[in-house]
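The chain is numbered in sequence order, starting from 1.
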Amino acid sequence: MATGYVLINVEPGYEFSVYESISQFNQVADSTLLFGDYDLIAKVVANDMASIAQFVVENIRQIEGVQNTKTLAGAEV
């Protein structure tokens, strides 16, 4: 199992609608609205990092209002 943390910037006024949209995906284990350099963070869980990358490109980046994303790979210790 792989975990990725997706930092998301959205267009002003879209914060809550994007938050609601990403919360609907089964792959999103948790999401939080942020203040600062990024607007949201989503914890994404999948079988491997390739699946997480595909999920981000095909789903999160397609949500109206999403400007850009940055995905961080969780380390398994």
Side-chain angles (χ1 to χ4, degrees):
M1 201 53 109
T3 302
Y5 295 89
V6 184
L7 299 166
I8 305 166
N9 285 116
V10 301
E11 295 176 30
Y14 281 86
E15 295 86 356
F16 192 68
S17 65
V18 172
Y19 170 79
E20 287 184 324
S21 294
I22 64 171
S23 297
Q24 300 300 314
F25 292 111
N26 291 332
Q27 295 90 331
V28 176
D30 191 23
S31 58
T32 304
L33 286 163
L34 303 172
F35 293 101
D37 292 338
Y38 293 92
D39 300 308
L40 292 118
I41 187 169
K43 179 180 180 182
V44 179
V45 178
N47 289 329
D48 51 43
M49 284 307 297
S51 298
I52 290 174
Q54 182 177 4
F55 172 75
V56 171
V57 170
E58 292 179 358
N59 294 281
I60 292 180
R61 289 188 183 177
Q62 302 308 312
I63 298 171
E64 183 179 359
V66 171
Q67 290 182 323
N68 62 57
T69 62
K70 183 175 194 173
T71 304
L72 307 173
E76 293 184 31
V77 193

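The distance from the CD1 atom of I22 to the CD1 atom of I63 is 6.5 Å, given to the nearest 0.5 Å.
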With a cut-off of 3.5 Å and sequence neighbours excluded, list every side-chain donor-acceptor pair involving residues 27-35.
unit_1 : atom_1 : unit_2 : atom_2 : d
S31    : OG     : S23    : OG     : 3.1

Mind listing the side-chain donor-acceptor pairs of residues 39-53 below 3.5 Å, one per line with the distance, residues two or more places apart or on another chain?
unit_1 : atom_1 : unit_2 : atom_2 : d
D39    : OD2    : V10    : N      : 2.8
D48    : OD1    : A50    : N      : 3.3
D48    : OD1    : S51    : N      : 2.7
D48    : OD1    : S51    : OG     : 2.8

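With sequence neighbours left out, F25 forms a ring-ring contact (aromatic ring centres under 6.0 Å, His included) with F55. With sequence neighbours excluded, no residue forms a side chain to side chain donor-acceptor pair (under 3.5 Å) with Y19. Partners of T69 according to the side chain to side chain donor-acceptor pair (under 3.5 Å) rule, which considers only residues two or more places apart in sequence or in another chain, are R61. Residues satisfying the side chain to side chain donor-acceptor pair (under 3.5 Å) criterion with Q62, sequence neighbours excluded, are absent altogether. Shown here are the side chain to side chain donor-acceptor pair (under 3.5 Å) partners of Q24, two or more places apart in sequence or in another chain: there are none. Partners of Q67 by side-chain contact (heavy atoms from CB on, under 4.5 Å), not counting sequence neighbours, listed by chain and number: N9, E11.
Hydrophobic clustering of Ile, Leu, Val, Met, Phe, Trp and Tyr side chains at less than 4.5 Å, counting indirect connections, keeps I8 apart from Y38. Linking Ile, Leu, Val, Met, Phe, Trp and Tyr whenever their side-chain heavy atoms come within less than 4.5 Å leaves I60 and Y5 in two separate clusters.
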